[in-house]
Number of protein chains: 2
Amino acid sequence: MRKTKAERQRLLKETIEYTPFITDEELAKIFEVSIQTIRLDRMELKIPELRERIKSVAKLQWNEQVRALAVEDIVGEVVDLELDKKAISIMDIGREHVFTKKNIARGHHIFAQANSLAVAVLNDELALTAKSNIRFIRQVKQGERVVAKAVVKKQTDKGLTIVQVDSFVNNEQVFTGEFHMYRSRDSID
Amino acid sequence: MRKTKAERQRLLKETIEYTPFITDEELAKIFEVSIQTIRLDRMELKIPELRERIKSVAKLQWNEQVRALAVEDIVGEVVDLELDKKAISIMDIGREHVFTKKNIARGHHIFAQANSLAVAVLNDELALTAKSNIRFIRQVKQGERVVAKAVVKKQTDKGLTIVQVDSFVNNEQVFTGEFHMYRSRDSID
DNA sequence: ATTACTTTTAGTACCAAGTCATAAATGATG
DNA sequence: CATCATTTATGACTTGGTACTAAAAGTAAT
């Protein structure tokens, strides 16, 4: 039996979201209605036509490529920042961060967040990590939110700046690291 | 003056690669030739029409999403592995690894390669990094190939296994790290 | 059952951005 | 000037639509 209008529209929306590369004609066959009905549905649901859908997916991809380079620069989201003093960032552990077998976050993601933050907190065009001592205090699981706190400490004898980063999940410490940073004015290159 | 055919086709190819969302009409205006000429050019160069180009970019995006989750587990490519003894991995530094402004690799990528290798070299279902001392010895640039070498050392008093990882570009050391690893049999969970 | 209203289908004209094929105009070169 | 490559023009057809109008079918209420 053919479904009701509301039900059909619900499924239509899902179907298009799941497989955006589908024509009205194919949809009409699937739902056993005329092309016109599909088009009426799309209008009511404000779903754009095939070509526009494809285009928007493609544009997204185009932006991703640009964005991947930009966003990659900062791991986690900086929520508080006082240049050359302190900074805080949060990162939610998702599927992409954990070991595929167990759901424990891979160390380098925790590290990346901390390292990024150490770079971001410094008021320099480009700061580089020269050395660091780190410690993973406890495992972080998928779904947990890691809050990393960076504090800028003294300069070392060699002109490096020390940034201390501690990461927490619900106020429980999961990571600690001391980052010795080169700053752009004393580049090693 | 209008360019020669060969020159125009060379530029056309470039242009389309760079901005695939461009119509023949727009191209015709840019190169000051008729639409038909552009179409002849596309045929000779085997460049598909706008809609096909958009579609292929969109499909690429669709695959990327799946891929991103799988590849993430191993950073770099393991080329030699003797379990519980030593391992070697290589990683080519690409655009996705460097700071957008300068072309210097971000520390956490170098770290990720080393950390991954430290995990991989241990003959355990799941090894976790507990602690590590690392040092970035010199900057790594885009295009360089980083070879990471891991050696399994002694157990510590606390049952941790120490893995020493040193990374090189053309036999010049760029990174060194000592990783203290938990092994699955003495899980901390 | 008749009326009223919603939902669906049909049909036409039109559009963008092409393909395919044929023919004519233009340019360069021996 | 003849000849060949290159460019332009023209028309018919294609896909996957939009926009609009009109008719048919289904559903509910009086």
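The structure displayed is predicted, hence computed values, not measured ones. Order of the sequence lines fixes the chain letters, A, B, ..., with proteins taken first and strands second; residue numbering starts at 1 for each chain.
For the pair B/Glu44 CD and C/dT19 P, the interatomic distance rounds to 14 Å; values are reported in whole Å. In this entry the distance linking CD of B/Glu26 with C1' of C/dG18 reads 14 Å, nearest Å. At whole-Å resolution of the value, CD1 in B/Ile38 and P in D/dT6 are 15 Å apart. To the nearest angstrom, P of D/dT18 lies 11 Å from CD1 of A/Ile35. Atom pair A/Leu27:CG and C/dT9:P shows a separation of 14 Å (rounding to whole Å applied). For B/Asp41 and C/dG18, the CG to C1' distance is 16 Å, given to the nearest whole Å. Rounded to a whole Å, the CD atom of A/Gln9 is 15 Å from the P atom of C/dT6. As rounded to whole Å, 12 Å separates atom P of C/dT9 from atom NZ of A/Lys5.
Looking at heavy-atom distances under 4.0 Å, B/Leu40 makes contact with a base. Within 4.0 Å of A/Arg53, counting heavy atoms only, lies no atom of the nucleic acid at all.
A salt bridge between B/Arg138 and B/Glu144 is present, with a side-chain N of the basic residue lying under 4.0 Å from a carboxylate O of the acidic one. With respect to A/Arg42 and A/Glu49, no salt bridge is recorded, no charged nitrogen being found less than 4.0 Å from a carboxylate O.
Distances shown here put every side-chain N or O of B/Arg8 at or beyond 4.0 Å from the OP1 or OP2 atom of D/dT6. B/Thr37 has no side-chain polar atom (N or O) that falls below the 4.0 Å cut-off from OP1 or OP2 of D/dT7.
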Are B/Glu52 and B/Lys55 close enough, and set up right, to give a salt bridge (charged side-chain N to carboxylate O under 4.0 Å, His left out), and what steps lead you there? CA-CA 5 Å; B/Glu52 293 306 315; B/Lys55 208 183 289 176; 3.5 Å; yes
Can you give each donor-acceptor pair under 3.5 Å made by side-chain atoms of residues 173-181 of chain B, sequence neighbours left out, with the distance rounded to 0.1 Å?
from, atom 1, to, atom 2, distance (Å)
B/Gln173, NE2, B/Asp166, OD1, 2.6
B/Gln173, NE2, B/Phe175, O, 3.1
B/Thr176, OG1, B/Gln164, NE2, 3.1
B/Thr176, OG1, B/Asp166, OD1, 2.7
B/Glu178, OE1, B/His180, NE2, 3.3

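For the pair B/Lys131 and A/Phe136, the cation-pi criterion (under 6.0 Å, within 45° of the ring axis) is not fulfilled.
With sequence neighbours left out, A/Thr15 forms a side-chain hydrogen bond (donor to acceptor under 3.5 Å, both in side chains) with no residue at all. Not a single side-chain hydrogen bond (donor to acceptor under 3.5 Å, both in side chains) links B/Asn133 to another residue, sequence neighbours left out. Partners of A/Glu7 under the side-chain hydrogen bond (donor to acceptor under 3.5 Å, both in side chains) rule, at least two apart in sequence or in another chain, are A/Arg10.
Residues B/Arg106 and B/His97 fail the side-chain proximity criterion, which asks for heavy atoms closer than 4.5 Å.
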Readout for nucleotides 21-30 of chain C: B = base within 4.0 Å of protein heavy atom, S = sugar-phosphate only, - = neither; 5' to 3' it is ----------
Any protein N or O atoms within reach of nucleotides 12-16 of chain D? Criterion: under 3.5 Å, listing atom names and distances.
from, atom 1, to, atom 2, distance (Å)
D/dT15, O2, A/Arg51, NH2, 2.6
D/dG16, O4', A/Arg51, NH2, 2.9
D/dG16, N2, A/Arg51, NH1, 3.2
D/dG16, N3, A/Arg51, NH1, 3.0
D/dG16, N3, A/Arg51, NH2, 3.3

